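Take a look at the structure set out below.
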Amino acid sequence: MPRGRNVGYSLTAWWGVDLHAAAISSLANVTQTLRVLRRNRARLPLLLVLLALLALVLSGCTTDTPQNTFDTKGEVADAQAKSFLIAMWPAIVIMIGVLGGIVLIALRWRERDPNQPPPKQVHGNTRLEIAWTIAPAVLLLAIGVPMVAQIADLGREPADDAYIINVVGQRYSWLFEYPEEIDSEGKPIQTVNEAHIPVGREVSFQLRSVDVIHSFWVPKLGGKRDVFPCNLVTPEPEAPPTPHGERPPCDGGQMNILWLKADEPGSFSGQCAEYCGLEHARMTMTIHADAQADFDAWVKEKLAGSSGGGN
Amino acid sequence: MATVTVPKRSALAEALAGARHAADTGHGVLSWIATVDHKRIGMLYGISAFLLFLVGGLEALLIRTQLIVPESGVLTSDQYNRLFTMHGVTMVFMVVMPLSAAFFNLLVPLMIGARDVAFPRLNAFSYWSFLGGAIFLNASFFTRDIFSGELGAPDAGWFGYAPLSLPDFTPGHGMDFYALGLQIMGLSSLAGGLNFAVTILNMRAPGMTLFRMPVFVWMTLVTSFLIIFAMPVIAVALFELTFDRLFNANFFNTEAGGNPILWQHMFWLFGHPEVYILILPAFGIISEILPTFSRKPLFGYPFVVFSGIAIGFMSWGVWVHHMYTTGLGTIANSAFGISTILIGVPTGIKIFNWMGTMFGGVIRLRVPMMFAIGAVATFTIGGLSGITHSMVPSDYQQQDSYYVVAHFHYVLFGGAIFALFGGIFYWAPKFTARMFNETLGHVQFWLMMIGFNLTFFPMHISGLLGMPRRIYTYSDGMGWDLWNLMSSIGAFTIAASILVFIANYVYTFVMKRGREAGDDPWDARTLEWSLPSPVPHYNFAEIPQVHSLDDFWHRKYREDAEGNVLPVVAGGAVEVAHGGDGGGHEEAGHGIHLPSPSYFPLIAALGLPVMATGLIYDYAIVPVGAALLVVGLYGWALEPATEED
Amino acid sequence: MAHAATGHLETSTGLDNRKLLMWFFLASDCLFFGSFIAAYLLYRDRSLVGPYPEDLFDIPFTSVSAFVLLMSSVSMVLALAAIQRGNVRGMRIWLFTTAMLGTLFIAGQAYEFTEFYHEGLTLSTNLFGTTFFVLTGFHGAHVTIGVLILLSLFVYSLRGGIQQKDSLNVELAGLYWHFVDIVWIVIFTLIYLVQP
Amino acid sequence: MTLADYRRQRGEPLFDEQAAAVQHEEHHPNAFQYLQIGIILFVITAIEVGIYYIDMSHDLLVGLLLALSIAKFSLVVLWFMHLRFDSPVFRTLFAVGLGATLALFTVVIAVSHGGLV
Ligand code: HEA
Ligand code: HEA
Ligand code: CUA
Ligand SMILES: [Cu+2]
């Protein structure tokens with residue numbers, strides 16, 4: 001019984017393919033493919049559809065919508081949008097390369113005639129393999145290194161003069177507490193689902209939940225941070241405004257701290273981003289960033305008014 | 001080669017032996033229920049998984065109907081939450097995993113030249129416990145008054161984050177069903193993983209060295225390893241949840257100092273390897289289809305294999321990328337960010353080698369090839385959005401937004417489901433001897449491709465526009481309306497494509513209008529095509545001697561030093577492959593001792609959901625289930641694997 | 001426990017299917033117990049209310065039961081050595097001894113659990129109760145299953161079911177048994193002896 | 001599986017059908033050796049419990065206890081479970097399981113809230 005050549009595993013065999021020939025022939029093939037495509041006007045609509053889609057996408061990104069992560073209004077959100085783009089542009093280039101490559105190859109080497117004999121049997125090419133191992137690795141590390149720097153940047157503790165706001169997440173509302181603004185009864189002022197923050201100053205949100213996990217997210221100011229259950233070991237009233245960076249101990253869970261900074265005044269909407277039950281969809285909030293004077297005025301008004309109560 | 005015959009048989013044993021004999025005829029329902037034949041088990045897996053795909057898809061359609069416009073009231077939030085939880089759980093554990101298992105079962109023994117898997121009855125047990133678990137979990141829908149719209153299904157999301165998953169926050173039995181149902185299906189997968197790992201290492205035909213195995217077999221092996229090491233972790237997490245829910249334990253009880261992050265670690269420590277468990281079989285399928293339809297060997301075979309192994313290995317070091325926003329700290333996020341990013345390298349190797357395979361081939365754009373190419377293309381998009389996720393600062397904005405939903409549907413639907421459909425079209429002729437209708441197949445492909453992109457591409461945008469996932473409604477003015485509308489239209493387009501597939505199935509197999517396939521309709525490369533279609537129950541009349549990678553191709557074609565192809569003298573090799581000529585089959589079949597059918601795996605598997613039901617509703621039922629399990633296991637152990645005749 | 005007869009008398013690796021299966025399973029079980037032990041360690045010292053481990057642990061008692069389990073490993077391996085030499089009677093004796101030592105261990109654990117319970121520790125008292133009972137409980141379940149397997153082999157051998165050529169059955173049971181034993185070695189050290 | 005590749009490079013057959021010949025069944029220790037191991041195990045346990053009652057620095061105690069239990073563990077695994085004599089496949093499998101367990105859960109504990117990092 002006749003048998004084919006044994007092409008079992010042998011590393012040296014993979015070096016056997018002549019790289020030069022392969023390279024030259026592939027170059028020739030690509031040019032030929034392009035020529036085929038140019039001749040074939042039928043593909044034009046496809047291209048147009050793709051372009052239209054791209055236009056749609058781009059228009060989507062510039063629409064002024066309340067939670068647009070690209071319509072950034074603070075340095076944290078800025079940095080994060082930048083981080084996305086650092087990954088997105090290479091990704092788009094690779095996507096076009098790979099998808100385009102697949103389509104071109106499939107069209108160029110399509111079977112023309114059912115009796116076409118099998119093509120030349122190419123088993124591989126080690127140099128190519130090494131190339132397409134190293135190149136992506138280098139590219140990925142190139143975006144990975146700035147990423148680490150950014151993580152450290154965003155992960156640093158809030159500045160010393162950061163304005164502290166305690167955030168208590170509960171199904172399905174947000175309670176904001178201003179430990180730096182104590183009213184006549186010795187209680188910090190509180191608001192529900194709406195918070196005021198000063199513009200241009202870092203705000204340290206100290207996040208904890210009294211039930212399940214929520215996630216604090218105000219897209220225009222910055223990415224989210226999860227709000228974990230945390231029963232403060234020291235009961236609340238006595239808990240002094242926490243020194244920056246040091247999380248007060250809690251039983252179970254932990255308190256997370258997220259610092260954000262608004263660059264311009266405005267009202268920014270946010271929403272709970274961790275599924276927390278029936279009304280997760282409606283656990284929304286608005287953060288009003290006020291110029292310092294307006295903010296002070298708001299605080300004064302709150303302190304003068306009856307302690308507690310909404311906004 | 002039974003070792004011992006138990007001296008006296010009780011009446012029960014007699015009856016069982018009788019039933020076993022009845023099952024041995026190869027016809028009728030009994031023969032399917034008691035089957036230990038890997039091909040039949042594979043088909044059972046496939047059919048069950050496809051039906052569950054319709055269930056999960058129906059759930060998705062309800063989700064998309066609810067989200068079609070802002071503030072719609074089609075579903076209540078309670079219904080919505082249960083539907084998306086069950087949608088995720090169904091698609092992951094009851095569709096993609098069992099569909100992959102279907103292909104393992106159908107193909108692995110044939111591809112390595114074996115008559116069955118190493119443990120045929122364990123294999124049957126895997127199937128029945130999967131089915132039992134799936135029915136059990138879906139039965140939860142009916143535990144409340146479903147006709148007045150109250151669904152009883154689990155409602156804490158597919159990853160069931162604690163403490164939401166505790167009875168204080170998700171009362172009712174839904175999450176009990178989740179914990180116990182997944183436990184049963186996990187056991188089923190573990191049994192399957194063990195079985196296939198042993199099968200692949202131990203049951204290869206002479207000459208079938210590891211590096212002559214088809215890539216699909218390799219990917220099955222890697223997947224089996226992942227299953228073997230990942231399943232115990234989720235088993236423990238689910239046990240902990242079960243104890244918390246049913247016996248008031250404190251694993252995740254924050255009041256007692258419990259730490260919810262523990263659940264997240266355990267879930268994702270399992271969960272990330274799990275997503276590669278879902279995709280690697282699909283990679284294997286792609287790696288079989290592309291060479292056949294390009295009429296070239298797989299480009300860089302050892303690199304494709306090693307990159308698969310590398311992916312399996314690296315998948316253990318990236319789980320924290322699901323937890324970037326939990327505040328684990330700069331060091332953890334940086335380390336896991338880098339490791340996650342780097343997983344793009346071995347995946348890229350696969351993509352490039354697939355392109356290399358097609359490059360310079362003679363590409364037949366038949367239906368399986370279309371699905372395989374489609375899978376590569378859409379998976380690439382999903383993988384690249386995965387890279388944007390792995391950028392930690394950028395993920396702070398994307399985590400738990402629709403951008404994630406877009407990412408994982410691109411890899412899961414675009415990668416896995418497309419490839420699995422390709423596999424169905426590719427291998428169906430082997431097991432049914434009929435070809436699916438080609439035109440309907442192409443219609444399905446294009447509908448699915450368009451519908452898929454229409455559904456999931458806009459989710460990238462709605463996600464970046466700040467739309468969180470798992471919200472049952474949204475207000476207008478958020479700028480999400482258009483994108484959701486597109487997604488919903490797309491979802492129904494996908495549904496149409498699935499209907500086309502069902503129509504194709506009916507046309508081909510029910511109306512029997514499908515073309516006769518013949519033994520080797522695609523001019524394929526691997527051993528299973530050397531067998532007659534449908535494959536005889538003993539698979540190989542004579543265990544083949546394997547001489548090379550793509551052995552079957554080399555029986556048909558010769559290759560000169562430059563790689564030019566010369567056909568082998570027509571027919572010769574193929575006939576030998578059948579183990580003789582036509583008449584030989586029947587005779588050959590007689591001398592072969594195959595494992596006899598057995599009811600015990602079914603009985604043992606049945607015990608599991610019964611026990612689980614007992615745990616939830618009435619402890620008195622637990623011993624009944626336990627008894628079934630024990631009887632099943634003892635019967636199984638004592639019954640000779642092969643009945644002597 | 002008959003051989004799976006699938007037409008392959010010899011396997012590709014030369015290793016027996018069932019033995020390979022057992023080792024895969026044991027490797028997998030490492031992660032099973034590892035998960036529970038990790039939960040215990042993560043929660044050690046985090047219980048909000050007592051009783052705490054140092055209030056309850058009775059080291060001499062647990063040392064004895066750890067010792068019992070350890071010695072059962074010795075008798076197990078002796079059972080294997082016996083059947084490999086064709087000494088069925090010896091095997092029976094050692095199998096039975098092993099099963100009894102295992103039962104003794106379980107009895108000790110039952111005693112320990114009730115003792116703890118009387119001192120106020122339940123599954124829901126605190127984190128210690130939860131993690132301790134579940135971890136050692138799952139280990140106990142493993143031992144119980146092991147005892148059942150050993151007794152089944154014992155009974156089977158009485159009916160002549162195990163001869164020298166079937167020594168693999170004993171070897172497999174042994175692998176499982178030893179594994180359960182080494183898990184206890186780890187638990188005994190990490191949970192009982194090493195206190196923060 | 002990297003092991004296979006390694007064997008291949010060294011020209012060893014273990015993953016092939018020829019390997020059936022390379023079986024180590026014969027090297028099992030005998031009953032006497034098992035008993036010796038048993039005695040060592042007994043002694044180690046006794047030492048463990050003994051030092052538990054000796055007054056010494058906590059770190060030293062923990063170190064000693066860990067070392068002794070690793071010794072016990074290894075004795076059982078290598079001798080009673082025959083990993084010393086049996087096929088390297090088993091050894092590799094078990095090492096992978098054990099190594100994965102150690103590595104993964106060390107990281108889990110390290111990066112949990114209130115963990116080491
Ligand atoms: C089949 C399943 C599958 C697969 C294969 C992947 C593959 C990847 N996934 Fe995905 N993922 C999921 C299923 C999957 N994922 C699921 C289900 C979730 C959500 C769970 C939930 O929350 O419900 C998720 C979530 C998820 C997250 C968390 C998002 C969040 O919640 O915040 C992240 C973060 O890093 C991530 C990353 C990646 C990466 C980097 C890959 C990589 O493996 C991708 C690698 C592939 C490529 C990169 C493309 C091909 C490569 C090239 C063409 C080479 C050149 C490329 C470069 C140089 C970039 N995934
Ligand atoms: C393999 C995995 C897989 C697959 C294939 C799919 C397929 C689909 N998914 Fe799913 N999805 C997940 C895995 C998957 N999904 C996971 C893991 C989640 C996360 C869950 C969570 O957050 O907990 C999720 C979440 C998820 C969401 C987010 C919900 C939310 O966060 O609020 C959405 C929203 O649109 C969605 C949509 C869809 C759609 C439209 C399809 C479609 O492609 C489905 C197409 C199939 C059909 C349309 C079936 C055809 C049916 C018929 C033709 C009817 C005929 C019926 C009979 C004859 C009875 N999915
Ligand atoms: Cu709170 Cu979602
Ligand atoms: Cu992941």
Side-chain angles (χ1 to χ4, degrees), chain A residues 1-9 60 63 65-69 80 83-84 87-88 91 95 98-99 101-102 105-106 109-111 116 118-121 123-124 129 132-133 136-137 140 144 147-148 150-152 154-155 212 219 223-226 229 251-253 256 271 273-275 278 281, chain B residues 77 157 163-164 169 211-212 254 257-258 295-297 299-300 303 325-327 330 333-334 337-338 341 344-345 348 352 355 358-364 377 380 384 387-388 391-394 396-397 400 461 464-466 468 470-473 478-479 547-549 554 558-559 563 565 568 576:
Chain A
M1 183 175 55
R3 287 200 187 273
R5 186 162 66 95
N6 184 339
V7 284
Y9 178 70
T63 322
T65 66
Q67 289 181 192
N68 187 341
T69 55
Q80 290 163 348
S83 165
F84 176 70
M88 188 196 78
M95 182 184 91
V98 171
L99 266 57
I102 292 176
I105 291 173
W109 280 284
R110 205 156 113 192
E111 185 184 56
Q116 210 172 330
K120 204 167 142 172
Q121 304 288 292
H123 294 271
E129 301 285 352
W132 62 47
T133 306
L140 288 171
M147 174 187 83
V148 172
Q150 266 183 325
I151 296 174
L154 296 174
V212 300
K224 60 189 73 64
R225 186 65 46 87
D226 293 351
D251 299 330
N256 275 332
Q271 187 162 4
E274 186 70 65
Y275 170 59
L278 283 181
Chain B
S77 66
L164 181 63
F169 305 109
F211 281 88
R212 287 177 189 163
T254 51
R295 317 198 68 201
K296 269 179 69 200
F299 195 85
F303 296 92
T325 60
T326 55
T330 315
N333 279 0
S334 305
I338 293 289
I341 280 187
V345 174
F352 296 132
M355 292 173 73
M358 288 165 63
F359 190 94
V362 172
I363 297 174
R364 294 176 163 161
T380 303
L384 292 169
I387 296 295
T388 62
M391 293 289 281
V392 180
S394 122
Y396 289 156
Q397 287 280 21
D400 268 335
I461 299 164
L464 293 173
L465 292 180
R470 300 171 158 186
I471 53 175
Y472 74 98
T473 192
M478 301 303 285
H547 299 269
S548 67
L549 179 64
H554 291 290
R558 219 146 43 81
E559 200 180 299
V565 176
V568 168
V576 175

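Chain A is the first sequence line, chain B the second, and so forth, proteins listed ahead of strands; every chain is numbered from 1. On a predicted model such as this, the values are computed, not experimentally measured, just so you know.
For the atom pair CG of B/N333 and CD1 of A/I151, the computed distance is 6.0 Å after rounding to the nearest 0.5 Å. Note that the CD1 atom of A/I105 and the CE atom of B/M355 stand 4.5 Å from one another [nearest 0.5 Å]. How far OH of B/Y396 is from CD of A/Q80: 7.5 Å, rounded to the nearest 0.5 Å. Distance check, rounded to the nearest 0.5 Å: CE of A/M95 to CD1 of B/I387 gives 14.5 Å. A distance of 8.0 Å separates CG of B/L464 from CG of A/N68, quoted to the nearest 0.5 Å.
Not one N or O on the side chain of B/D400 forms a donor-acceptor pair closer than 3.5 Å with the backbone of A/Y275. Put simply, the side chain of B/S394 never gets that close to the backbone of A/S83: no donor and acceptor are under 3.5 Å apart. Between the side chain of A/E111 and the backbone N or O of B/G361, no donor-acceptor pair lies under 3.5 Å.
Considering every non-hydrogen atom in both A/V148 and B/S334, the closest pair reads CG1-OG, 3.9 Å. Nearest heavy atoms, A/A106 versus B/I363: CA-CD1, 3.9 Å. Nearest heavy-atom pair across A/A87 and B/M391 is CB-CG, 3.5 Å. A/M147 approaches B/I338 most closely through the heavy-atom pair CE-N, 3.8 Å.
By the side-chain contact (heavy atoms from CB on, under 4.5 Å) test, B/M478 pairs with A/P66, A/Q67, A/S269, B/S475, B/W480, sequence neighbours left out. Judged as a side-chain hydrogen bond (donor to acceptor under 3.5 Å, both in side chains), and not counting sequence neighbours, the contacts of B/T325 are A/D226, B/Q399.
Looking at heavy atoms from C-beta onward, A/Q271 lies in side-chain contact with B/I471 at the 4.5 angstrom threshold. Proximity of A/Q150 to B/V392: side-chain heavy atoms (C-beta onward) are nowhere separated by under 4.5 Å.
If you measure heavy-atom distances from A/L278 to chain B, the contacts under 4.5 Å come from both the backbone and the side chain. Proximity to chain B (any heavy atom under 4.5 Å) is restricted, for A/E129, to the side chain, taken from C-beta onward. Only the side chain of A/L99 comes within contact range of chain B, with at least one heavy atom under 4.5 Å from a heavy atom of that chain.
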